[in-house]
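Everything on this sheet refers to the single structure shown next.
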Amino acid sequence: MTYRLAFIRTPDGYLKVTASAKGAPLLAAIHLNPDVLVAAARIANMSEEEIFDLSWTAKRAWENEGLDVCCEAVNLEPDQLESLGFREDWRRLA
């Protein structure tokens with residue numbers, strides 16, 4: 001399924017990533033920083049190009065606290081969503 005990812009550095013110093021797709025519930029993941037997200041993306045077997053794009057966008061959001069940043073659409077399988085830490089009960093994450 002194709003997801004659109006949005007990144008934000010939270011006021012308490014975490015990287016929050018939300019994933020939205022047409023007809024699917026909103027998902028969210030919390031990472032300590034962009035490097036942890038990149039490690040999770042490698043575990044999820046994402047392509048090097050996708051990892052580079054995620055890393056660049058996450059670092060941009062990380063450096064600009066409070067700035068919402070979206071990246072290109074990414075195709076993710078259910079096991080990749082899990083490896084990236086996405087959860088449906090996102091309201092409990094933030």
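In this chain, numbering begins with 1 at the start of the sequence shown. In what follows, every heavy atom counts, from backbone to side chain, and hydrogens, waters and symmetry copies are set aside.
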Name all residues meeting the side-chain contact (heavy atoms from CB on, under 4.5 Å) criterion together with L67; count only those two or more places apart in sequence or in a different chain, and write none if there are none.
N64, V69
Could you give all pairs that pass the side chain to side chain donor-acceptor pair (under 3.5 Å) test and reach residues 29-43, with sequence neighbours left out?
R42-E48
Give a yes or no answer on whether the side chain of R87 reaches the backbone of A29 with a donor-acceptor pair at less than 3.5 Å.
no
Smallest heavy-atom separation, A61 atom then R9 atom, equals O-CB, 3.7 Å
Restricting to side-chain contact (heavy atoms from CB on, under 4.5 Å), what partner residues turn up for A44, sequence neighbours left out?
M46, Q80, S83, L84
Please enumerate all residues that pass side-chain contact (heavy atoms from CB on, under 4.5 Å) together with A19, with sequence neighbours excluded.
Y3, L5, L27, F86
Measure the shortest side-chain to side-chain distance between L32 and Y14 over non-hydrogen atoms and say whether it is less than 4.5 angstrom.
yes
If hydrophobic residues (ILVMFWY) are linked whenever their side-chain heavy atoms come closer than 4.5 Å, directly or via other members, who joins I8 in its cluster?
none
Non-hydrogen side-chain atoms of L54 and V38 separated by less than 4.5 Å:
no
Residues two or more places apart in sequence or in another chain: which of them pass side-chain contact (heavy atoms from CB on, under 4.5 Å) with D79?
E77
For S20, which residues count as a side chain to side chain donor-acceptor pair (under 3.5 Å) partner, sequence neighbours excluded?
none
Residues which pass side chain to side chain donor-acceptor pair (under 3.5 Å) with S47, listed by chain and number, not counting sequence neighbours:
E50
